[in-house]
Amino acid sequence: MSQSPRHTSALPAQEVRALSRALSAGDVTVFVDGTALRLPAAARDAVLDLLVRMGRGEDVVVTSRDPADGAEPRAAAREPAARNGSGIPLLTTSQAAAAAGISHTYLRNLTDAGVIPVEYRGTHRRIRLSDVEAWLRDQQARTARTQGGDISGGQ
């Protein structure tokens, strides 16, 4: 059985500024009853999305759905969050980092340096899975060359 949506009004301006500052620091820790808790990736992404929206001063609505109510379970946790104008799937930085097996901080550094192309949706980075895969192939090729994987004899 699904619960009723929870409507939360926008935060007051002072709280919006404080939350925005905290989120821009990039280190988010969740405490439950005074104990630090590491959230699973899907929960972390959902909580961060909620906080970012509140940090922009937006009203938010949180709802849930019970798969037993006839809706199919979400396999979408692995699916891209957005698509660009050409219909190509775009990943969030967290999704792209997970796909590459690197931290989201390192992925952001790669996008800042122009190593992995990035598109922006407002202030949010979106990355093509194909660009992450191309970067991974390049890294594997570099590793093979530096470990003597070049069978041409170097001539």
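Along the sequence shown, residues are numbered consecutively beginning with 1.
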Q: Quick one: do Arg125 and Leu91 satisfy side-chain contact (heavy atoms from CB on, under 4.5 Å)? Show the steps, please.
A: CA-CA 8 Å; Arg125 300 167 207 241; Leu91 305 174; over 6 Å; no
Q: Go through the steps to decide whether Arg126 and Thr92 satisfy the test side-chain contact (heavy atoms from CB on, under 4.5 Å), and finish with yes or no.
A: CA-CA 5 Å; Arg126 296 294 182 255; Thr92 65; 3.7 Å; yes
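The shortest non-hydrogen separation linking Leu107 to Ala96 is CD2-CB, 3.8 Å.
By the side chain to side chain donor-acceptor pair (under 3.5 Å) test, Thr93 is found to be paired with no residue, residues two or more places apart in sequence or in another chain being considered. Applying the side chain to side chain donor-acceptor pair (under 3.5 Å) criterion to Asn109, with sequence neighbours excluded, gives no partner residue.
A distance of 8.0 Å separates CD1 of Ile116 from OH of Tyr106, quoted to the nearest 0.5 Å. Put simply, CG on Leu90 and CG on Leu129 are 10.0 Å apart, with the number rounded to the nearest 0.5 Å.
Contact check for Ile102 versus Leu110: side-chain heavy atoms found under the 4.5 Å cut-off.
Residue pairs meeting the side chain to side chain donor-acceptor pair (under 3.5 Å) criterion with at least one member in residues 131-140, sequence neighbours excluded, are Asp138-Arg142.
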